[in-house]
Amino acid sequence: MKKIFYYALAAVAAISITACADSHRHSHDDNHLHSHEAEHNHVHNADGSCASHSHEEHSHSHEAHSHSHDAHGHSHAEHSHSHEAGAKEEAHAHSHGAANVVTFSKELQQKIDFAVEAATASSFNGAVKVAARVVAAPENESTVVATAAGRLHYVGNLVAGRAVSVKDALFVIDGSGVTENDAAVKYAAAESKYMFAKADYERKLSLYGNNIVSQKDLQAAEALLRESEAHYNSMKQTFNNGNLLLKSDVDGFVATLLVENGEYVQAGTPLAVLQKEGGVNIEAELPIRYAQSLRNISSVNVELADGTVLSLDEINGNVLAVGRAANECNMIPVTVTAKQLPAVVGSVVTMHMAMALPHGGECVAVPRTALVEEMGNYFVFVQVCSEDFEKREVKIGNTDGKYTQILKGVHKGEKVVSKGAVSLKLSQSAGALDPHAGHVH
């Protein structure tokens with residue numbers, strides 16, 4: 001009977017030891033898994049985003065592992081409570097870790113003008129920034145000139161910028177009282193010459209049939225008739241009630257009025273400049289010290305008054321000419337032509353002319369809009385995950401208006417925030433206010 005009792009007691013002890021070992025092994029495996037995850041700094045979620053973990057989490061997992069070895073005999077309720085407390089500590093450590101990483105959710109990204117672009121290799125070595133003036137292309141301009149002397153009068157409400165069409169009346173020149181180059185006198189002379197030439201040709205044509213006038217004389221009379229007729233018809237179209245009427249010869253608008261209404265003008269005086277819609281030229285002048293650099297222009301970007309920067313492809317343009325000699329001001333002229341520039345003639349823009357690196361060298365460049373300035377230092381936001389962005393200080397070089405050289409801080413291929421960087425900066429500033437400030441933990 002005693003032997004049976006001892007056998008039963010031994011069996012109960014073996015069961016207890018086995019259960020304790022299983023509990024210990026489960027706790028060890030569980031905590032070892034937590035420790036393994038902490039060693040890898042981040043864990044990828046199902047949507048491709050990631051959450052960074054600090055080294056404190058690693059130490060928490062080791063402490064939890066040690067605790068599980070010491071307290072494996074505790075009850076299941078105490079073990080569960082210990083895990084909940086550890087999770088809260090890890091979450092708190094995560095919220096205070098990596099102050100230079102900003103989380104910006106996809107929902108917020110969709111609400112603003114937000115974009116990410118990879119840092120690229122660029123070939124520009126330096127860039128020249130210069131003010132330039134927009135002028136009309138010569139083929140799109142026409143100048144109205146007085147064809148007779150007299151007092152000038154506008155036709156209708158003629159102002160700069162007014163749209164005009166071919167054969168629209170613009171000016172009237174009143175030549176009454178003018179002894180020289182009087183339009184009325186000229187018109188009368190043209191009409192008289194035409195009538196005489198017409199009568200002479202008809203007379204010689206009838207005589208030619210009777211072999212009285214030679215063919216040579218008939219051809220000369222015909223030529224005089226055609227000449228006088230053309231001159232008379234031309235004046236007839238521009239002559240109205242004793243006055244000379246000047247009309248537009250283009251479809252466009254009045255760019256500039258050169259004389260005042262009622263002013264006396266001489267024949268040949270420019271009266272107005274008309275302009276057709278179409279291409280423009282962008283003219284700049286650079287100091288002669290840039291003469292050698294201008295031979296290696298790799299690209300030109302045009303910055304408008306509102307800060308918009310456009311490439312030559314975007315304005316359908318090209319470098320038309322680079323001066324080969326200095327002008328009277330010791331400057332080198334550079335002209336760019338553009339067919340689709342959203343700027344008015346006469347306005348001032350900024351040209352960024354990039355020079356190529358020698359021997360095909362490359363540098364790293366990011367969009368200029370990716371840069372954020374703080375106290376004279378420059379930063380970019382580098383994408384770590386889909387919603388996490390690291391604020392990183394960079395050292396910048398030259399800019400061509402669109403892209404800026406990065407001398408230090410970003411590598412080729414890294415993705416930076418090219419649109420919306422200011423919003424991330426504001427988001428980081430708001431997050432810098434500790435929500436736990438003033439509380440005792």
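Side-chain N or O atoms of Asn140 include one that pairs as donor or acceptor with a backbone N or O of Gly279 at under 3.5 Å. Using modelled atom types, one side-chain atom of Arg133 and one backbone atom of Gly346 make a donor-acceptor pair closer than 3.5 Å. Listed for the Arg151 side chain is a donor-acceptor partner under 3.5 Å among the backbone atoms of Gly262. A donor-acceptor pair under 3.5 Å is formed between the side chain of Thr369 and the backbone N or O of Ser418. Remark: the backbone N or O of Val166 is paired with a side-chain donor or acceptor of Asp251 at under 3.5 angstrom. The backbone N or O of Thr103 sits nowhere less than 3.5 Å from a side-chain atom of Glu387 that would complete a donor-acceptor pair.
Under the 4.5 Å side-chain criterion, counting only non-hydrogen atoms from C-beta, Tyr290 is not in contact with Val322. Side chains of Ser248 and Lys167 form no contact here, defined as non-hydrogen atoms less than 4.5 Å apart. Using a 4.5 Å heavy-atom threshold, the side chains of Leu371 and Val380 count as touching. Contact check for His411 versus Val364: no side-chain heavy atoms found under the 4.5 Å cut-off. With a 4.5 Å cut-off on side-chain heavy atoms, Asn330 and Asn327 do not count as touching. Side-chain atoms of Val116 and Phe389, non-hydrogen and from C-beta on, do get closer than 4.5 Å to each other. Side-chain contact between Gln405 and Ile396 is absent, with no heavy-atom pair separated by less than 4.5 Å. Looking at Thr308 and Pro342, their side chains never come closer than 4.5 Å, going by heavy atoms from C-beta outward.
Nearest approach of Ala190 to His231, heavy atoms of both residues: CB-CD2, 3.5 Å.
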Practice task
Kindly determine whether Thr256 and Gln275 satisfy side chain to side chain contact (heavy atoms under 4.5 Å, CB included), including the steps that lead there.
Solution key: CA-CA 9 Å; Thr256 309; Gln275 185 179 327; over 6 Å; no
Practice task
Quick one: do Leu258 and Thr269 satisfy side chain to side chain contact (heavy atoms under 4.5 Å, CB included)? Show the steps, please.
Solution key: CA-CA 9 Å; Leu258 303 176; Thr269 302; over 6 Å; no
Practice task
Let me see the working for Lys391 and Glu374 under side chain to side chain contact (heavy atoms under 4.5 Å, CB included), right down to the final yes or no.
Solution key: CA-CA 12 Å; Lys391 181 181 178 182; Glu374 289 184 5; 2.7 Å; yes
Exercise for the section: Output, in order, the C-alpha distance, side-chain angles, deciding distance and verdict of side chain to side chain contact (heavy atoms under 4.5 Å, CB included) for Leu271 and Val259. Expected result: CA-CA 6 Å; Leu271 306 179; Val259 294; 3.9 Å; yes
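Once rounded to the nearest 0.5 Å, the distance linking OH of Tyr154 with CD of Glu263 reads 8.0 Å. Between Asp217 atom CG and Asp200 atom CG the span is 9.5 Å, to the nearest 0.5 Å. Taking CG of Asn233 as the reference point, atom OG of Ser228 lies at 9.5 Å (rounded to 0.5 Å). We find the OG1-CD1 distance between Thr337 and Ile282 to be 8.0 Å, quoted to the nearest 0.5 Å. Rounding to the nearest 0.5 angstrom, the gap separating the CG atom in Asn301 from the CG atom in Asp400 is 5.0 Å. Interatomic distance, Lys402 NZ to Glu303 CD, rounded to the nearest 0.5 Å: 10.5 Å.
In this structure, Gln215 places its CD atom where only 12 or fewer heavy-atom neighbours from other residues, nucleotides or ligands lie under 6.0 Å away. The local environment of CD in Glu139 is crowded, with over 12 non-hydrogen atoms from other residues, nucleotides or ligands closer than 6.0 Å. Residue Lys419 places its NZ atom among 12 or fewer non-hydrogen atoms of other residues, nucleotides or ligands, all under 6.0 Å distant.
Contact check on Arg226 versus Glu222 returns a salt bridge, with a Lys/Arg side-chain nitrogen under 4.0 Å from an Asp/Glu carboxylate oxygen.
A side chain to side chain contact (heavy atoms under 4.5 Å, CB included) with Val155 holds for exactly one of Leu170, Val172, Leu246; it is Val172. Residue Val254 forms a side chain to side chain contact (heavy atoms under 4.5 Å, CB included) with just one option from Val159, Leu274, Val144, Val273, and that option is Leu274.
The aromatic rings of Tyr194 and Tyr232 sit parallel, their planes meeting at an angle under 30°, below the 60° perpendicular limit.
Residues Asp313 and Ser311 have side chains that never bring a donor and an acceptor to within less than 3.5 angstrom of each other. Between the side chains of Tyr201 and Glu229, not a single donor N or O lies within less than 3.5 Å of an accepting N or O.
Residues Phe381 and Phe104 place their aromatic rings such that the two centres sit no closer than 6.0 Å.
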